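Before any comments, here is the structure.
As the structure lists them, so they are numbered: ligands from 1, and atoms in each ligand from 1. Remember, predicted model here, so these are calculated numbers, not experimental data.
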Amino acid sequence: MPNIVVLGAGVSGLTCALLLAKEEGNNVTVIAKHMPGDYDIEYTSPWAGANVLPMNSEKDSRWERRTWPELRRLAAEVPEAGLHFQTARVLRRQADVSSGLKVALSDGLFQQSPWYADLMDDFRELPASELPSGIHSACEFTSVCINTPVYLSWLVGQCVKLGVKFKRATLNHVNEAAGMSAHGEGGKADVVVNASGLLACRLGGVMDAKVIPARGQIVVVRNQAGGLMPTASGTDDGEEEILYIMQRAAGGGTVLGGTYMKGNWEANPDPNIAIRIMKRAVEVHPELTGGKGIEALDVIRHGVGLRPWREGGVRLEKEKIGRTWVVHNYGHAGWGYQGSYGCAERVVELVDEKLTSRSLKDTEIDW
Ligand code: FAD
């Protein structure tokens, strides 16, 4: 029976563990420094909103295309997973369109006639009569918002049910994971899946200098967003500041964002940025406070998460490091949830390729 160790218990590692454990015969162990329930600047997943706003280019759309059907199914059929349907409204500002849509967040999301028009349900371009002032054009579609703490815990539960074992550990080198399987004699893993997120830049054997943080500051409030998740192609507050609003399922509060500050590791919320986030949110969506301004926002917490941004995009490939075969899955920037199943599906393919080649040519491969 193949022993697989997944390094990382963020949305990437947990989704990989789940899909690997569903494959007949796999023994899966998850090793992580941080687990659902923790809030730490080194652990991105709990800080995300999260919702589905497709943001890759059409060329790299596979991950989001393959993920959407599963997130939609969970929202429709599995309420305890913590997802619900909300209407996404993508606003392309006149100022950004005139300057060539140079947005900090992404290009794919704000394209006119985007590739995801045929993916997302109820996609429509808003008629001119429905456009707010200063908005060049806009589209709407049915999306989901994920209550991330609930969803991450649900993923752990699904994994445990399928026999996945969990261990807490801080590793200095990716190869250490190979000796930490909780299954079989001697704890030897056949393959390690590296889902270490931002910390891939500091993990021995990987040390990927292309990975840097894209700092996201948020404000979580008790106010309701009424089923609408607006986002805009830019703001008047500089290229590092962005705008989005989403109400989490199952009492998770409403997340107001945000920032996209590349290379910035600052863990503490900046109060001036927080004020600007709240002002922009209330301006674009006055329903949040019944038209009363930011004083009527009821703040649950201010937070900062660091998106694992990677120059050149996500790393999804296998590599032999020392005597260990490693399948990498990190560097998802701001789309780790909305690409989670597509990427994990690719990880399963890569792990299967490795295991199959081992069973066919066992003696030729140095494990
Ligand atoms: P992480 O969640 O950081 O997990 C990494 C894991 O690896 C952790 O368990 C950690 O402990 C472990 N690890 C790392 N190194 C070691 C080591 N040496 N030893 C042991 N364990 C180790 N995405 C969306 O899809 N939609 C959104 O709306 C969205 N909004 C966002 C808003 C904000 C403010 C932020 C910050 C992010 C947002 N994202 C969103 C992006 C998303 O959160 C990330 O892409 C995703 O969480 C990355 O997950 P991960 O599992 O790769 O990394």
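In terms of heavy atoms, Leu316 sits closest to Val347 at CD2-CG2, 3.7 Å. The minimum heavy-atom distance linking Ala21 with Leu162 is given by the pair CB-CB, 3.9 Å. When all heavy atoms are compared, the tightest approach of Pro213 to Leu198 is N-CD1, 3.5 Å. Here the closest non-hydrogen pair linking Lys167 and Ala182 is CE-CB, 4.0 Å. Between Gly257 and Ile218, the shortest heavy-atom distance links the atoms CA-CG2, 4.4 Å.
Nearest to atom 17 (C) of ligand 1 by heavy-atom distance, out of Asn172, Leu14, Leu171, Val314, is Leu171. Nearest residue to atom 49 (O) of ligand 1 from Gly10, Gly216, Ser45 is Ser45 (criterion: closest heavy atom). Nearest-residue assignment for atom 43 (O) of ligand 1 (options Gly8, Ala195, Pro213, Ala48; heavy-atom criterion): Ala48. Nearest to atom 35 (C) of ligand 1 by heavy-atom distance, out of Met246, Lys167, Arg307, is Arg307. Ranked by closest heavy atom to atom 48 (C) of ligand 1, the top entry among Gly305, Pro308, Gly197 is Pro308.
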Chi angles and distances behind the salt bridge (charged side-chain N to carboxylate O under 4.0 Å, His left out) call for Glu349, Arg66 = CA-CA 14 Å; Glu349 286 171 11; Arg66 300 287 300 176; over 6 Å; no

request  = Tell me, with the steps shown, if Arg93 and Asp236 meet salt bridge (charged side-chain N to carboxylate O under 4.0 Å, His left out).
outcome  = CA-CA 10 Å; Arg93 299 189 323 151; Asp236 291 334; 3.0 Å; yes

request  = Decide salt bridge (charged side-chain N to carboxylate O under 4.0 Å, His left out) for Glu125 and Arg92; before the verdict, give the C-alpha distance in whole Å, the side-chain angles of both, and the deciding distance to 0.1 Å.
outcome  = CA-CA 11 Å; Glu125 285 289 332; Arg92 307 175 193 108; 3.0 Å; yes

key: From CA spacing to verdict: side-chain hydrogen bond (donor to acceptor under 3.5 Å, both in side chains), Asn223, Thr254   = CA-CA 6 Å; Asn223 308 62; Thr254 299; over 6 Å; no

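Residue contacts with ligand 1, taken as heavy atom pairs separated by less than 4.0 Å, involve Leu203 solely via side-chain atoms from C-beta onward. By the criterion of a heavy-atom distance under 4.0 Å, neither the backbone nor the side chain of Leu53 is placed next to ligand 1.
Residue Ala333 places a heavy atom under 4.0 Å from ligand 1. Tyr43 counts as a contact of ligand 1, since one of its heavy atoms falls under 4.0 Å from the ligand. The shortest separation from a heavy atom of Leu198 to ligand 1 is not under 4.0 Å, leaving the residue out of contact.
Centroid-to-centroid, the aromatic rings of Trp68 and Tyr341 stay 6.0 Å apart or farther.
In this structure, atom 21 (N) of ligand 1 lies nearest to the protein heavy atom Lys33 N, 3.0 Å. From the protein, the heavy atom lying nearest to atom 10 (C) of ligand 1 is His34 ND1, 3.7 Å. The closest protein non-hydrogen atom to atom 28 (O) of ligand 1 is Asn51 N, 2.9 Å. Taking atom 40 (C) of ligand 1 as the reference point, the nearest protein heavy-atom neighbour is Gly334 O, 3.3 Å. The single protein non-hydrogen atom nearest to atom 20 (C) of ligand 1 is Ala169 O, 3.1 Å, given as residue, atom name and distance. Ranking protein heavy atoms by distance to atom 3 (O) of ligand 1, first place goes to Thr44 N, 3.0 Å.
Backbone and side-chain nitrogen or oxygen atoms of Asn329 are examined, and none is located within less than 3.5 angstrom of a nitrogen or oxygen of ligand 1. Between Gly336 and ligand 1, at least one pair of N/O atoms sits closer than 3.5 Å. In terms of polar-atom proximity, Tyr244 is not counted as a contact of ligand 1, lacking any N or O under 3.5 Å from an N or O of the ligand. Between Val11 and ligand 1, an N or O atom pair is found at a separation short of 3.5 Å.
Residue Ala9 has at least one heavy-atom neighbour below 4.0 Å for each of these atoms of ligand 1: 6 (C), 8 (C), 9 (O). Heavy-atom proximity to Trp335, at under 4.0 Å, picks out these atoms of ligand 1: 23 (N), 24 (C), 25 (O). Heavy-atom contacts of Ser12 reach the following atoms of ligand 1: 49 (O), 50 (P), 51 (O), 52 (O) (cutoff under 4.0 Å). Within the listing of ligand 1, atoms 14 (C), 15 (N) sit less than 4.0 angstrom from a heavy atom of Leu199.
Shown are Ile242, Ile275, Asp237; of these, the side chain to side chain contact (heavy atoms under 4.5 Å, CB included) with Arg280 is made only by Asp237.
A 6.0 Å sphere centred on CD of Glu283 holds no more than 12 heavy atoms belonging to other residues, nucleotides or ligands.
Here NE2 of His173 is found 8.0 Å from CE of Met207. Values are rounded to the nearest 0.5 Å.
With His183 contributing its side chain and Val28 its backbone, the two residues share a donor-acceptor pair below 3.5 Å.
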